[in-house]
Amino acid sequence: MPTQQAATAALDPDPPIRRSTRLANALLGSDSLQRRTLALLGLAALVTATVVVLLLYAASIGVADLNQVSVLTVMFVLLICGFYAVIRSGLNQRFADPTLAMPQTIMAQTLIGAAYAITGPVHGATVIMLSLVMVFGMFSLRPLAVRHACIYTVSLMGVVMYCCAQYQPLHYPARQEIFNFALTAIVMLAISQLSGQLSDMRTRLKTQKIALEQALAHIKEMAARDELTGLPNRRRMMTLLQEHATRYARGGPRFYVCIIDLDHFKNINDSYGHAAGDAVLRAFATQAQVVLRTTDMIGRWGGEEFLLLLPASAPGDPTLGVARLRDSLAAMPAIQSLPEVRVRFSAGFARYEEGEPIDQAIERADRALYAAKSAGRNRSVVL
């Protein structure tokens, strides 16, 4: 049986998932922002459908006029369809608020006010719908807009309740309408205040999110950088080497690994102190970033050792950039207060071979460095 179902699915050129996706795109579009706007409209349509069902029930039990309910239902449907057409056509994007939350709220409250006026003995049940619409509005409107919508709602209901008490006193006793109006005003005031607090909370959360993202970025940066020189640390260089090895396996450029060791660095520490040694390391790192190519990458490997990742380029001699660095360091003092201190270094190069482990290339570069030191230091050796 599973084999037969699989065969049927394979023969079906338009499987159900694809058809449902096409249908969703046809109804909601493919733009994510427009989809969210239509989702809010769908929520409003759900509230509208609830009101319509209540009105139809009220008409069925004889407490509301069926003709009036029918007219109001048609108005509800036209309202939702009108907003859908505006949003689906993209006309809403010409407005300052593409969600059209404010006009949707105003129209919904107006129609609920009309429903209040025609539901007779059960009109009190519609009051809760006013609050429900405003609660939804809190998540789409700015606090000032919510305040304006609440003022409109209170004013509208005041007029509706007054007229109902004047012309239908049997179903809308004045004292009861005063109570309903006071309750509506209190609820709208509470919603307005809560909207401000909700906005403040969202602002704080957004600020905290930005601060956390910045802190996380700083932590990541600190975890990948050497604190003294500001260069990428050993862990970061290993990641870069692995990335270049993967890129080379996919047809990317060949590269060289170079390990540099500052000559007689221990003598600098012993003669001038560790602060002078730190200054020398920083001076070397700064000059290296100035002299080397922008495509070259240098990181602190440990102690007075540095590792370079050098993409191969014409004419193919990987030692040229390092030679320029050696010459520039020889022409300038590493520490301005100690002009006699010059930075000299030995360097070992190894060309990365396709398929070899990164550790193996580093080991060959380390052997080349050892050969440079054994040959008298202040030179480069390529293996």
Side-chain angles (χ1 to χ4, degrees), residues 21 24-25 28-44 46 87 90 92-93 95-102 104-105 131-150 189-247 250 252 278 281-282 285-286 288-290 292 294-303 306-309 358:
T21 302
N25 288 337
L28 304 177
S30 56
D31 184 82
S32 58
L33 292 177
Q34 290 291 81
R35 280 190 171 223
R36 283 199 291 270
T37 302
L38 288 172
L40 290 174
L41 179 62
L43 198 57
L46 182 61
I87 296 171
N92 62 310
Q93 296 180 337
F95 298 96
D97 179 16
T99 65
L100 303 180
M102 188 64 170
Q104 287 187 57
T105 300
S131 305
L132 186 59
V133 170
M134 291 310 306
V135 168
F136 287 140
M138 287 170 57
F139 294 95
S140 304
L141 297 171
R142 295 181 182 275
L144 182 60
V146 172
R147 192 172 297 116
H148 289 163
C150 287
L189 176 62
I191 290 176
S192 178
Q193 293 299 318
L194 287 174
S195 175
Q197 295 180 13
L198 180 63
S199 177
D200 292 341
M201 186 182 302
R202 282 199 296 249
T203 301
R204 287 197 301 272
L205 288 174
K206 185 177 181 180
T207 302
Q208 291 174 355
K209 180 183 177 182
I210 293 174
L212 286 173
E213 289 175 348
Q214 292 175 344
L216 180 59
H218 180 67
I219 290 171
K220 288 182 177 179
E221 181 70 15
M222 292 295 292
R225 294 279 172 181
D226 173 61
E227 185 176 359
L228 177 63
T229 62
L231 296 176
N233 58 20
R234 188 186 189 104
R235 179 185 304 168
R236 178 58 180 161
M237 291 304 296
M238 285 297 296
T239 301
L240 292 173
L241 287 168
Q242 190 58 58
E243 289 175 355
H244 274 70
T246 302
R247 192 174 299 124
R250 296 174 179 173
D278 290 346
L281 292 174
R282 285 193 293 267
T286 300
Q289 293 176 90
V290 171
L292 294 174
T294 56
T295 55
D296 297 335
M297 301 177 189
I298 180 171
R300 190 176 180 192
W301 196 238
F306 296 83
L307 185 138
L308 281 74
L309 191 159
I358 288 295

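In what follows, residues are counted from 1 in the order of the sequence shown.
- Across all non-hydrogen atoms, the minimal contact from Ser199 to Pro143 is CB-CG, 3.2 Å.
- Taking the side chain to side chain contact (heavy atoms under 4.5 Å, CB included) definition, one finds that Asn233 meets it with Arg235, Arg236, sequence neighbours left out.
- Looking at heavy atoms from C-beta onward, Cys150 lies in side-chain contact with Met134 at the 4.5 angstrom threshold.
- Residues Pro98 and Asn92 share a closest heavy-atom pair of O-ND2, 2.7 Å.
- From Gln93, atom CD reaches atom OG1 of Thr37 across 8.0 Å, with rounding to the nearest 0.5 Å.
- For the pair Ala285 and Thr229, the tightest heavy-atom approach, listed with the atom from each and the gap, is CB-CB, 3.7 Å.
- In this structure the side chain of Leu231 reaches within 4.5 angstrom of the side chain of Ile298, judged on heavy atoms.
- For Ser192, the side-chain hydrogen bond (donor to acceptor under 3.5 Å, both in side chains) criterion is met by no residue, not counting sequence neighbours.
- To the nearest 0.5 Å, the span separating NZ on Lys206 from NZ on Lys209 amounts to 9.0 Å.
- Between the OG1 atom of Thr207 and the CZ atom of Arg202 there is a distance of 13.0 Å, given to the nearest 0.5 Å.
- Leu309 CG to Leu292 CG: the interatomic distance, rounded to the nearest 0.5 Å, is 11.5 Å.
- Taken from CE in Met297 to CG in Leu307, the straight-line distance is 12.0 Å, to the nearest 0.5 Å.
- Arg282 CZ to Arg300 CZ: the interatomic distance, rounded to the nearest 0.5 Å, is 10.0 Å.
- The neighbour count for Glu227 CD, taken as heavy atoms of other residues, nucleotides or ligands under 6.0 Å away, does not exceed 12.
- Not counting sequence neighbours, Thr286 has no partner by the side chain to side chain contact (heavy atoms under 4.5 Å, CB included) test.
- Asp278 pairs by the side-chain hydrogen bond (donor to acceptor under 3.5 Å, both in side chains) definition with nothing, not counting sequence neighbours.
- For Arg234, the side chain to side chain contact (heavy atoms under 4.5 Å, CB included) criterion is met by Trp301, not counting sequence neighbours.
- Using a 4.5 Å heavy-atom threshold, the side chains of Leu100 and Ile87 count as touching.
- In this structure, the side chain to side chain contact (heavy atoms under 4.5 Å, CB included) partners of Ala145, at least two apart in sequence or on a different chain, are Met102, Leu141.
- A pairwise comparison of heavy atoms in Arg225 and Gly230 identifies NH1-O, 2.9 Å as the closest pair.
- Taking the side chain as every heavy atom from C-beta outward, Glu243 and Thr239 approach each other to under 4.5 Å.
- Two residues are said to be in side-chain contact when any heavy atoms from C-beta on lie closer than 4.5 Å; Leu241 and His244 fail this criterion.
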